[in-house]
K.L.:
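Okay, handing you the structure first.
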Amino acid sequence: QVQLVESGGGLVQAGGSLRLSCAASGRTFSSYAMGWFRQAPGKEREFVATIKWSSGNTYYADSVKGRFTISRDNAKNTVYLQMNSLKPEDTAVYYCAARSRSGFGYYTVVSQYDYWGQGTQVTVSS
């Protein structure tokens, strides 16, 4: 079993920055992929960014490319999402997810992940 705990959310003004953290525990993660998703009120959960645990290769949604950066610290079993130049439309609950199955390509769909955190609220005021 895998446990994911997000932190770092909060209220920030447009143009500001936040860094989210996702601490993973349980099974080892050396061959897994991690992802960040977000869900705004009344909308479906959407992909934000993903990283392959072993290689560190990353992939982003077009809406956040150039503003957000996903990274990981293998020693701490932690994944980060650095969010810069935040916009009001970035307001959502942000979820961390872990994929336990190997495969090819990047994982951008909710069903491709096996474990989820409880989410952390990010609110960007205009």
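Heavy-atom basis, side chains included; hydrogens, waters and symmetry copies ignored.
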K.L.:
With a 4.5 Å limit on heavy-atom distance, are the side chains of Arg67 and Asp90 in contact?
P.N.:
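Yes - at least one pair of side-chain heavy atoms lies under 4.5 Å apart.
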K.L.:
Are Tyr60 and Val124 co-members of a hydrophobic cluster defined by side-chain heavy atoms under 4.5 Å apart?
P.N.:
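Result: yes, single cluster for both.
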K.L.:
Within a strict 4.5 Å, meaning less than it, do heavy atoms of the Cys96 and Trp116 side chains meet?
P.N.:
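Cys96 vs Trp116: side chains apart.
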K.L.:
Give me the one residue out of Val79, Ile51, Val64 that meets side-chain contact (heavy atoms from CB on, under 4.5 Å) with Trp36.
P.N.:
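The passing option is Val79.
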K.L.:
For a 4.5 angstrom cut-off between non-hydrogen side-chain atoms, does Arg38 reach Ser63?
P.N.:
yes
K.L.:
Decide whether Val93 and Phe68 are clustered together by the hydrophobic rule: side chain heavy atoms of Ile, Leu, Val, Met, Phe, Trp, Tyr closer than 4.5 Å, transitively.
P.N.:
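No, Val93 and Phe68 fall in different hydrophobic clusters.
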K.L.:
Indicate yes or no: at least one non-hydrogen side-chain atom of Leu4 is less than 4.5 angstrom from one of Met34.
P.N.:
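In short, these two side chains touch, coming nearer than 4.5 Å.
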K.L.:
Taking the side chain from Glu6 and the backbone from Cys22, do they hold a donor-acceptor pair closer than 3.5 Å?
P.N.:
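Answer holds: no.
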K.L.:
Work out which heavy atom in Ser17 is nearest to a heavy atom in Ser85; give both atom names and the distance.
P.N.:
OG-N, 4.4 Å
K.L.:
Is there side-chain contact between Arg101 and Arg99, with heavy atoms separated by less than 4.5 Å?
P.N.:
yes
K.L.:
Quick one: closest heavy-atom pair of Ala40 and Ala92, and the distance?
P.N.:
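It is N-CB, 3.8 Å.
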K.L.:
Taking atom NZ of Lys87 and atom OG of Ser126, what is their separation to the nearest 0.5 Å?
P.N.:
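Lys87 atom NZ to Ser126 atom OG measures 14.0 Å (nearest 0.5 Å).
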K.L.:
Measure the CD-OG1 distance between Gln121 and Thr91 for me, rounded to the nearest 0.5 Å.
P.N.:
7.5 Å
K.L.:
Testing the basics here: between Gly9 and Leu20, what is the closest heavy-atom pair and its distance to 0.1 Å?
P.N.:
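It is N-CD2, 3.6 Å.
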K.L.:
Can you tell me how far the CE atom of Met83 sits from the OG1 atom of Thr69, to the nearest 0.5 Å?
P.N.:
11.0 Å
K.L.:
Any heavy-atom pair between the side chains of Trp53 and Asn77 that's under 4.5 Å?
P.N.:
yes
K.L.:
Given 3.5 Å as the limit, does a donor-acceptor pair link the side chain of Arg72 with the main chain of Ala33, or not?
P.N.:
no
K.L.:
So that I can tick it off, tell me whether Asp62 and Lys65 are bridged by a salt bridge, with the cut-off set at under 4.0 angstrom between side-chain N and carboxylate O.
P.N.:
yes
K.L.:
Please list, chain by chain and in numerical order, all residues satisfying side chain to side chain contact (heavy atoms under 4.5 Å, CB included) with Ser55, sequence neighbours excluded.
P.N.:
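Listed in chain order: Lys52, Asn57.
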K.L.:
Roughly how far, to the nearest 0.5 Å, is CZ of Arg19 from OG of Ser7?
P.N.:
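Reported to 0.5 Å precision, the distance equals 9.0 Å.
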K.L.:
Test: ring pair (Phe, Tyr, Trp, His ring centres under 6.0 Å). Region: residues 74-114. Which pairs qualify, not counting sequence neighbours?
P.N.:
Phe37-Tyr113, Tyr59-Tyr106
K.L.:
Measure the spacing between OG of Ser102 and OH of Tyr32 and express it to the nearest 0.5 Å.
P.N.:
10.0 Å
K.L.:
Check the hydrophobic clustering (I, L, V, M, F, W, Y; side-chain heavy atoms under 4.5 Å; chains of links allowed) and say if Tyr115 and Val48 are grouped together.
P.N.:
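Result: yes, single cluster for both.
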